[in-house]
Number of protein chains: 2
Amino acid sequence: MSAAGATILLVDDHSVVREGYRSVLQKQPGLRVIAEAADGAEAYRLYKSETPDLVIMDLSMPGIGGIEAIRRIRQWDKSARILVFTMHENAGFAVQAIRAGARGYVTKTSPPETLVRAVMDVLAGKIAISPDIDHELALSRISGENSAADVLTPREFEVLRLLLAENTTEEIAETLHVSPKTVANLHSMIKDKLGVGSDIELVRLALRQGILTEVDLGEA
Amino acid sequence: MSAAGATILLVDDHSVVREGYRSVLQKQPGLRVIAEAADGAEAYRLYKSETPDLVIMDLSMPGIGGIEAIRRIRQWDKSARILVFTMHENAGFAVQAIRAGARGYVTKTSPPETLVRAVMDVLAGKIAISPDIDHELALSRISGENSAADVLTPREFEVLRLLLAENTTEEIAETLHVSPKTVANLHSMIKDKLGVGSDIELVRLALRQGILTEVDLGEA
DNA sequence: CCAGCACCGGGAAATTTTCACGACGGTGCA
DNA sequence: TGCACCGTCGTGAAAATTTCCCGGTGCTGG
């Protein structure tokens with residue numbers, strides 16, 4: 001953090017949203033937005049050339065998404081400070097982001113003060129989670145706790161991903177080099193472990209937990 | 001439109017985004033933001049009390065969504081001018097919005113100039129569609145054109161909705177007062193007409209077409 | 001060494017999906 | 001009026017699938 005104030009890199013694919021960040025942040029003395037990126041790849045490139053004190057990052061972006069961008073940036077600079085600012089209000093994304101190396105997670109429904117506060121906290125070395133997500137997290141701890149990836153074995157999780165992406169059991173069996181029968185068994189096991197009765201519920205669960213993102217839908 | 005400039009109502013559940021709108025619009029002489037709303041119900045209430053010249057509306061919001069808000073406002077004031085400004089880049093939402101009474105549809109990835117241009121166009125009585133959606137629309141015209149609701153009979157569409165919302169065949173049969181067998185037949189017919197092989201593809205298609213919105217997922 | 005677990009698949013029963021068929025009411029048209 | 005067509009609803013039987021239970025492998029930690 002230089003004497004002239006903390007430098008910030010803004011990452012969001014919506015230009016109007018970046019405009020909003022700017023407007024909110026520039027009211028705050030000691031903060032300086034020095035660069036903007038519209039996708040993960042650009043964010044990574046700009047981080048390396050600008051090395052800002054803080055990155056404010058959206059999650060859902062075309063091409064390389066936010067989670068992957070966080071991972072790459074952190075790989076390049078282990079001390080990078082990244083604050084996630086996104087529309088997704090479910091705990092699944094927050095967990096993923098933090099695990100990937102984010103130092104904060106704030107939802108876009110939060111008032112501007114919350115964002116500013118989180119920026120300050122992260123710059124001060126603290127972890128910042130917005131209240132609504134904190135609450136969500138607490139809830140998921142208490143109830144059920146069938147938090148997707150934990151209860152599934154690696155193989156099962158892989159099948160789940162393919163199930164959501166590709167389509168037929170045969171195709172998955174082929175790409176995995178196992179018999180279709182095994183895939184069917186895994187599929188059944190997955191639904192059992194996740195406590196869902198139908199494939200439709202399965203997709204909805206995956207969507208909620210962030211295993212399948214809405215943006216992935218375009219390719220089909 | 002008063003002599004002091006066009007009055008605008010901003011509707012978006014993300015405060016930082018509203019900040020962005022403001023920042024972009026206030027650079028434009030002749031535009032004046034007079035009110036802001038964070039959900040559909042508030043938007044409707046504010047429209048009635050303020051009667052702005054233009055509404056800039058997001059689609060995905062908690063409670064009453066954008067589409068429904070457009071419908072209500074247009075019902076109250078047939079000449080209401082509403083410009084949709086949303087993250088959803090698929091043609092399905094655009095069609096729904098326009099059908100509900102919107103006069104324009106611009107995606108959030110568009111540069112600020114496009115938004116400003118659309119605002120001006122709608123205020124001038126024109127219909128404004130951002131280029132990317134125009135393109136999407138054209139594409140869906142050319143290829144397939146299995147645009148969901150058109151190919152399905154009312155009954156089939158109803159079953160599809162219930163399938164995506166509730167879960168078991170039996171429950172749907174019960175709420176519809178028909179035999180489970182009929183529901184299964186409809187279910188099969190739907191997948192046939194829509195050209196999908198599995199329920200998973202079905203959900204993905206519904207998601208793309210906006211029949212099922214991501215926000216609906218929270219209730220489950 | 002053994003218990004536990006992930007992983008792979010077979011077999012058979014249960015269930016679901018699909019397909020072919022018939023019936024009924026409404027609508028449009030000659 | 002008669003008739004063809006479509007949407008809806010249901011049946012029944014074949015086909016496919018899901019599910020459940022089983023045995024076998026290999027790995028890991030106590």
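So you know, we letter chains A, B, ... as the sequences are listed, proteins then strands, and number each from 1.
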key: Out of dA6(C), dT18(D), dG9(C), whichever nucleotide has its closest atom nearest the side chain of Pro154(A)   = dA6(C)

request  = Give a yes/no on whether any side-chain N or O of Ser188(A) is located under 4.0 angstrom from OP1 or OP2 of dT18(D).
outcome  = no

ask   = Can you check the Arg155(B) CZ to dG7(D) C1' distance for me, whole Å?
value = 11 Å

task = Using whole Å, report how far NZ of Lys193(B) lies from C1' of dT18(C).
result = 16 Å

ask   = Less than 3.5 Å between a donor and an acceptor, one on the side chain of Asn185(B) and one on the base of dC9(D), is that the case here?
value = no

note = Result for 5'-nearest mapping on DNA chain D, choosing between Gly197(A) and Thr182(B), is Thr182(B)

query = Judged by modelled atom types alone, do His14(A) and Asp58(A) share a side-chain donor-acceptor pair under 3.5 Å?
reply = no

request  = Mind calculating the distance between CZ (Phe157(B)) and P (dT8(D)) to the nearest angstrom?
outcome  = 13 Å

request  = Over 60° means perpendicular and under 30° means parallel, so classify the ring planes of Phe93(B) and His88(B), tilted if in between.
outcome  = parallel

request  = Give a yes/no answer on whether the side chain of Lys181(A) brings an N or O atom under 4.0 Å of OP1 or OP2 in dT18(D).
outcome  = no

query = Any Lys/Arg nitrogen of Arg18(A) or Asp13(A) sitting under 4.0 Å from an Asp/Glu carboxylate oxygen of the other?
reply = no

query = Of the non-hydrogen atoms in Ile73(B) and Met57(B), which two are nearest, and what is the gap between them?
reply = CD1-CE, 4.1 Å

key: Heavy-atom side-chain contact between Ile129(B) and Ile98(B) under 4.5 Å   = yes

request  = Give the rounded distance in Å between these two atoms: NE2 of His187(A) and P of dA16(D).
outcome  = 19 Å

task = Select from Glu170(A) and His177(B) the residue whose nearest nucleotide in DNA chain D is closer to the 5' end of that strand.
result = His177(B)

ask   = Base, sugar-phosphate, or nothing for Asp192(A), non-hydrogen atoms under 4.0 angstrom?
value = nothing

message = Could you tell me how far apart Leu152(A) (CG) and dC5(C) (P) are, to the nearest whole angstrom?
response = 16 Å

request  = Grab the CD1-P distance between Ile190(A) and dT17(D) for me, whole Å please.
outcome  = 17 Å

ask   = What integer distance in Å separates Met189(B):CE from dC21(C):C1'?
value = 13 Å

query = Please give, in whole Å, the distance from dG7(D) P to Glu156(B) CD?
reply = 8 Å

